[in-house]
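Have a look at the structure below before the remarks.
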There are 2 protein chains.
Amino acid sequence: MIVNDTEMDRIFRSLADRTRRDILHRLVSTELSVSEIAAPYDLTYAAISKHLKVLENARLVSRRRDGKRYLLQANLDPLREVDGWINFYRRFWSEAFDKLGDYLAIVQENKEDE
Amino acid sequence: MIVNDTEMDRIFRSLADRTRRDILHRLVSTELSVSEIAAPYDLTYAAISKHLKVLENARLVSRRRDGKRYLLQANLDPLREVDGWINFYRRFWSEAFDKLGDYLAIVQENKEDE
DNA sequence: CGTACATTCAACCATGTAGTTGAATGATCG
DNA sequence: CGATCATTCAACTACATGGTTGAATGTACG
């Protein structure tokens with residue numbers, strides 16, 4: 001396992017809020033400033049700032065300076081951890097698991113060949 | 001979308017705790033009573049009872065009476081929702097996405113044929 | 001240099017969470 | 001029926017969360 005439990009806690013915790021999920025979604029393909037992020041919501045800058053800190057603590061968002069603004073962008077690595085965690089359960093909900101498992105095994109082999 | 005935002009909140013929220021993730025894991029393949037669930041942890045029954053309530057509110061665990069005990073089991077449907085949510089992000093972390101996308105499309109078609 | 005802009009910090013409030021303890025409920029068994 | 005076992009409830013504590021307001025920081029610009 002790559003992440004430890006408290007890190008997993010932080011990832012799930014920061015996803016457990018609609019506003020944060022929405023922010024993450026908007027930061028996937030674009031860098032946005034704090035005020036651009038805040039614009040659609042009926043919340044103060046301070047509130048948005050806190051949401052961003054939560055996302056950053058889970059390493060789901062990173063920031064860089066750009067003059068007087070900060071630019072934020074999503075980092076999806078932690079979601080791969082969630083995906084890995086959830087993968088264990090996949091076999092219990094899908095009869096197609098075996099096929100999918102075979103497929104993923106092939107993908108993995110191909111990766112290792114590279 | 002099948003689940004709404006507050007439901008998604010509840011699912012992620014209940015996964016944001018190591019003990020609850022552990023309980024869920026143990027309930028996947030077996031039904032267990034509350035005291036069996038509680039046994040490995042250094043927690044009171046009341047605390048375990050609360051954890052179970054959180055998991056049940058997220059529909060991740062269901063219970064039935066068995067004499068004087070309750071038997072609990074995992075219900076993984078909500079995890080499919082999480083998986084669906086996370087699926088959007090998959091394309092941004094994996095170059096194999098297109099191949100996987102094709103594969104899943106095929107699986108989907110096959111399902112629809114049934 | 002002083003002002004304006006973008007963002008955070010600090011203090012505060014209300015509510016939620018994770019845990020405890022001790023009493024209450026409900027099913028079983030002699 | 002009364003005792004016992006499995007579990008929950010109620011009340012409480014300590015701390016976290018999500019929000020506010022108003023002041024503080026840091027960068028840029030004339």
Do any N or O atoms from the side chain of N75(B) and from the backbone of S62(B) form a donor-acceptor pair under 3.5 angstrom?
->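 No: the side chain of N75(B) does not pair with the backbone of S62(B).
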Listed in order of residue number, which residues of residues 61-71 of chain B have a non-hydrogen atom at under 4.0 Å from DNA chain C?
->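 By residue number: R65(B), G67(B), K68(B).
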In whole angstrom, what separates [X]'s [atom1] from [N]'s [atom2]?
X      : N       : atom1 : atom2 : answer
L72(B) : dA6(D)  : CG    : P     : 15 Å
D17(B) : dG16(C) : CG    : C1'   : 14 Å
I48(A) : dT17(D) : CD1   : P     : 17 Å
R21(B) : dA18(C) : CZ    : P     : 12 Å
F12(A) : dT17(C) : CZ    : P     : 17 Å

Would you indicate, yes or no, if [N] has its OP1 or OP2 atom less than 4.0 angstrom from a side-chain nitrogen or oxygen of [X]?
X      : N       : result
K50(B) : dC9(D)  : no
H51(A) : dT17(D) : no
K53(B) : dT17(C) : no
R13(B) : dA18(C) : yes

Taking it one step at a time, do L32(B) and L71(B) satisfy side chain to side chain contact (heavy atoms under 4.5 Å, CB included)?
-> CA-CA 5 Å; L32(B) 292 177; L71(B) 291 185; 6.0 Å; no
Side chain of A46(B) (C-beta onward), nearest among dT17(C), dT7(D), dA10(D) |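 Looking only at side-chain atoms, A46(B) lies closest to dA10(D).
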From the list dA18(C), dG18(D), dG19(C), which nucleotide is the closest neighbour of the side chain of R20(B)?
->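 The listed nucleotide nearest to R20(B)'s side chain is dA18(C).
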Does any non-hydrogen side-chain atom of [Y] lie less than 4.5 Å from one of [X]?
X      : Y      : answer
R26(A) : I37(A) : yes
L52(A) : I23(A) : yes
W85(B) : L15(A) : yes
E56(A) : S14(A) : no
L60(A) : L27(A) : no
E7(B)  : E81(B) : no

Once you build an axis from the first five pairs and another from the last five of the helix from dC1(C)-dG30(D) to dG30(C)-dC1(D), how far apart in angle are they, to 10 degrees?
->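 Here the local axes at opposite ends form an angle of 10°.
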Test applied, side-chain hydrogen bond (donor to acceptor under 3.5 Å, both in side chains); reference residue, D9(B); option that passes from R18(A), R21(A), R20(A) =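 Considering R18(A), R21(A), R20(A), a side-chain hydrogen bond (donor to acceptor under 3.5 Å, both in side chains) with D9(B) is found only for R21(A).
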Sugar-phosphate, base or nothing in reach of S33(A), heavy atoms under 4.0 Å |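 If one applies the 4.0 Å heavy-atom cut-off, S33(A) turns out to touch the sugar-phosphate alone, with no base involved.
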Does R65(A) count as lying over the ring of Y70(A), i.e. NZ or CZ under 6.0 Å from the six-ring centre, within 45 degrees of the axis?
->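 The answer is yes; both the distance and angle limits are met.
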If you pin V54(A) and L52(B) to their nearest nucleotides in DNA chain D, which one's is more 5'?
->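 Its nucleotide being nearer the 5' end, the pick is L52(B).
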Which ones in residues 35-45 of chain B lie close to DNA chain D, meaning a heavy atom under 4.0 Å from one of its atoms?
->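 The stretch gives S35(B), Y45(B) as the residues lying under 4.0 Å from the strand, ordered by number.
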Evaluate the ring planes of H25(A) and Y89(B), with Trp represented by its six-membered ring, and classify them as parallel (under 30°), tilted (30 to 60°) or perpendicular (over 60°).
->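 Aromatic pair H25(A)/Y89(B) classed perpendicular.
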Pairwise distance CZ(R13(B)) to CE(M8(B)) - rounded to 0.5 angstrom |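 Output value for this atom pair is 15.5 Å.
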